[in-house]
Amino acid sequence: MADAVLITTEDLEPAVRLRAAFEEAGMRTELLASGESLADAVGEPVLLVITGGLRERRARSLIQQARGRAPVIGLTEPTEPTGRAVCRELGLADCFPKPIDVDEVALIGRRLIQREELREIIGIVGETEEMEEVLERIVQIAPVNSTVLVLGESGTGKELVARGLHALSPRRHRPFIAVNVAALTETLLESELFGHEKGAFTGAAALRKGLFELANGGTIFLDEMGEMPPATQTKLLRVLEEREFRRVGGEESIRVDVRVVAATNRDLREQVALGEFRRDLYHRLNVLRIDLPPLRQRRADIPRLIDRFIREFSAQHDRPFVGIDPEALRVLVEYDWPGNVRELRNLVESMVVLAPGRVIRPEDIPPEVRHKRTGSLLPVLAPRPVSQERGRGEERGGPSPELEFVLRTLYDLRMNLEDLRRDVEEIRKRDQPAIAIPAATGYAPYGQPVIPLGVPIVPPEPIPHEEEGVVVFRRGMTLADMEREAIAVALREARGNRRRAAEMLGMGERTLYRKLKEYEMEPGESA
C-alpha cells in the first residue's frame, strides 16, 4: 500500500490546488471527503492537511488519528485572529492563514515528511524546539555536498546526525564510513585514512587502500576531530581543498569525491586560540554547522526516549516491562544526564533486564541518579610542570604532593557535603534522629572510612594552622573559597605562569583567566 498525502475537502479550492502542487513534486495525493477518516484512505498517510474547520469535531478526530503516524498541517481562516494559537493548542506541525501560497505549503509539507523519514531511518527522537531545529537543519543541509561540522557533548548523537545527512543525500547509495580519530595513534591514523604503499614502513607487506579511497562517492564521518594530530590535520586540509591525497609512501596523487562530516565535543575555537588546532582547517570544516543540545536542555524529550528504549530492549531481551512509577519518571527527567542520551539508554536497558514484570519505582534507580550526583568536581591529575631545579627540561612523573592534596581535598569535601545533604534529606523524610547513613557501595572516596549506620555525625576538627602549598578548610568557607585558594597555590607553584598553572589545575587557560577575573586575582597573588 503506497504512502499518500491526505488533504481534507472542507475548503475545496485550496485542497485541489494543494493536490496539484504535491503531485507535481512526485508525491501521491488523496482527498478526504466530508465524513471520511484516515481508515478510509487507500494509502498510509505521510502528511495530513486539514483545509478548514480546525475547531470542529471531525478535525480534532483526524488529528488524533494522525498522532504518531504523520505530521499535520492546518489552514486557518483570515478572519480568525487566533489561528496560530489554535494550531499550538491542537499540536499541529505547522499552520498557514488563507489565502495560502500553495508552493510554500507544499515545500513545508515535503520537509515535514523528510523529517519523519529521518526519525525512522536513524532513530533520532525528540519533539522539543531544540531538536526540531536540528532535524530541520539536517533536512536543509543533506542535499548539498558541503563539509559539515557537528558539535555537541559526548553521547548527544553526533553519529546519528552524520548518518541522517548521508541517508537524505544523493550519496545515500554509496558508502558511509565512520572513523573515531581518538582511537588511533598518529601513524596508524594516517595509514587508515589515506592508505599505504607496499613497503612504506615496517609491516606494510601489501598495498592498502585508505578509508577516503574506500568512501569515494559517499560520506566519511570523522568523530573526535579535536584529537587529530597536527601532521594529519595538514594532510586533511589538502584533501578538503584539492580533493586529492597520496598514500603513505606513495608518489601518485589520488583524486576522490567524498563528503566530510566532522564532529567533536571540544571547543575548536579555543583549541585554535591555544595553537592546538589549525585555524585554516577549522574554517574549512565549519562551512555548515549543527549544534546538538545536551539532554538536560531538552528534558521534555526524556519520556519519549525512555519509551523508545523500553520497547527496543524489551523486544531485544524478550523481557516484559510493566512501566515506570510517575515519581521515578520525575527523578529521571530532573537528572542532568552528564552522559546524555547514551547514559539514559544504558540505564533503561539495565532497568528492563533487572526489573521484568514489575513497575520501576524510585528506589530501583541508582543512587547517583536519584540524588543527582554528577561528579562534576572529580580530581584531574595534571602532569607535573617542567622541573626548574634539574635545568634539563625533564618532566616529573606526576603532580606535586601539594597540588594532589588540593585536588583530593576539593573532591572529598564535595562528596562529603553531598553525602551529608543526602543523609539529612533521608532523615527528615523518616523523622529520625540525625545519624550517618553509609553509601550503597560500602566505601568512601580515596579509602576514607565509612561511618557505620547509627553513629552520630560529628563535624571534623578544624586544621589548626596553614602550611605552604596546602589549602586549609575553615568553618564557613564555601567551595568557591576553596577553589580560589587552589588557584592561588597553583599560581605560586608555577611562579605566576598562567599556562602552567592551568595545566596543573586541569583546566583550560581561558577558564583560568575567567576565574582570575571573577575572583579579582593576579598571577602570584595569595588567597
Side-chain angles (χ1 to χ4, degrees), residues 1-32 38 41-52 54 59 62-63 65-76 83-84 87-88 90-129 131-146 148 160-173 219 259 288 290:
M1 183 168 58
D3 296 337
V5 176
L6 305 183
I7 306 174
T8 67
T9 58
E10 272 74 13
D11 193 339
L12 191 58
E13 188 271 336
V16 172
R17 291 196 295 133
L18 281 172
R19 179 174 65 176
F22 279 112
E23 289 181 346
E24 186 177 349
M27 307 188 71
R28 184 176 171 280
T29 308
E30 186 175 342
L31 297 180
L32 282 183
L38 265 60
V42 176
E44 178 66 20
V46 293
L47 177 69
L48 172 63
V49 182
I50 300 178
T51 58
L54 291 177
L62 289 173
I63 294 169
Q65 294 172 39
R67 197 175 304 280
R69 298 173 62 187
V72 183
I73 291 177
L75 307 186
T76 61
R84 289 206 169 270
C87 287
R88 287 194 297 270
L90 297 176
L92 304 187
D94 211 332
C95 61
F96 298 87
K98 299 175 185 177
I100 63 168
D101 181 339
V102 291
D103 292 331
E104 180 185 5
V105 176
L107 174 63
I108 297 300
R110 290 198 302 273
R111 285 185 177 175
L112 289 172
I113 293 170
Q114 288 177 323
R115 190 183 301 173
E116 293 303 313
E117 290 176 348
L118 181 63
R119 284 194 175 102
E120 289 299 319
I121 291 171
I122 61 177
I124 289 182
V125 177
E127 297 182 5
T128 54
E129 184 177 344
M131 288 309 295
E132 290 293 336
E133 290 178 2
V134 169
L135 291 169
E136 179 67 21
R137 190 83 167 149
I138 294 173
V139 171
Q140 289 176 333
I141 290 175
V144 301
N145 290 320
S146 303
V148 183
L160 288 181
V161 169
R163 290 185 180 277
L165 290 168
H166 178 74
L168 294 183
S169 74
R171 301 171 180 266
R172 66 177 66 89
H173 301 300
T219 304
R259 184 182 193 180
L288 297 171
I290 297 176

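Since the model is a prediction, treat every value here as computed from it, not as a measurement.
- At least one side-chain heavy atom of E44 sits less than 4.5 Å from a side-chain heavy atom of R69.
- For the pair I50 and L75, the minimum side-chain heavy-atom distance is 4.5 Å or more.
- Separation of atoms CD1 (I141) and OG (S169) is listed at 12.0 Å; rounding is to 0.5 Å.
- Considering CG of L135 and CZ of R111, their distance stands at 13.0 Å, rounded to 0.5 Å.
- Heavy atoms only, all atoms of each residue included: A66 and V72 are closest at CB-CG2, 3.7 Å.
- Scanning both residues, L54 and T76, for their nearest heavy atoms gives CD1-CG2, 3.7 Å.
- With respect to E13 and R17, a salt bridge is recorded, a charged nitrogen being found less than 4.0 Å from a carboxylate O.
- Contact of the I138 side chain with the R115 side chain is not registered, since no non-hydrogen atoms from C-beta on lie closer than 4.5 Å.
- Between R19 and I7, the closest heavy-atom pair is N-CD1, 3.7 Å.
- Separation of atoms OG1 (T128) and CD (E132) is listed at 7.5 Å; rounding is to 0.5 Å.
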- Apply side-chain contact (heavy atoms from CB on, under 4.5 Å) to Q65 and L48, showing your working. CA-CA 10 Å; Q65 294 172 39; L48 172 63; over 6 Å; no

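- Contact of the L6 side chain with the V49 side chain is not registered, since no non-hydrogen atoms from C-beta on lie closer than 4.5 Å.
- A distance of 9.0 Å separates NE2 in H166 from CZ in R172, rounded to the nearest 0.5 Å.
- The closest side-chain heavy-atom distance from V5 to L18 is not below 4.5 Å.
- In the displayed structure, E129 atom CD is contacted under 6.0 Å by at most 12 heavy atoms of other residues, nucleotides or ligands.
- The closest donor-acceptor contact from the side chain of T219 to the backbone of R259 lies at 3.5 Å or more, if one exists at all.
- Side-chain atoms of T9 come within 3.5 Å of backbone N or O of L32 as a donor-acceptor pair.
- For the pair I73 and L92, the minimum side-chain heavy-atom distance is 4.5 Å or more.
- In this structure, L160 CG and R163 CZ are separated by 8.0 Å, a value rounded to the nearest 0.5 Å.
- Heavy-atom minimum distance, D3 versus R28: O-CB, 3.6 Å.
- Taking CG of L47 as the start and OG1 of T29 as the end, the distance is 9.0 Å to the nearest 0.5 Å.
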- Query: Between D101 and F96, is a side-chain contact (heavy atoms from CB on, under 4.5 Å) present by the stated rule, with each step listed?
  - Reply: CA-CA 9 Å; D101 181 339; F96 298 87; over 6 Å; no

- Tell me, with the steps shown, if K98 and D11 meet side-chain contact (heavy atoms from CB on, under 4.5 Å). CA-CA 10 Å; K98 299 175 185 177; D11 193 339; 2.8 Å; yes

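- Residues V148 and L165 have side chains in contact (heavy-atom distance under 4.5 Å, counting atoms from C-beta outward).
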- In sequence, state the C-alpha distance, the side-chain angles, and the governing distance for E116 and V46, and then conclude on side-chain contact (heavy atoms from CB on, under 4.5 Å). CA-CA 8 Å; E116 293 303 313; V46 293; over 6 Å; no

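- Heavy-atom minimum distance, P170 versus A142: CD-O, 4.2 Å.
- Between the E10 side chain and the T51 main chain, no donor and acceptor come within less than 3.5 Å of each other.
- For the pair V105 and F22, the tightest heavy-atom approach, listed with the atom from each and the gap, is O-CZ, 4.2 Å.
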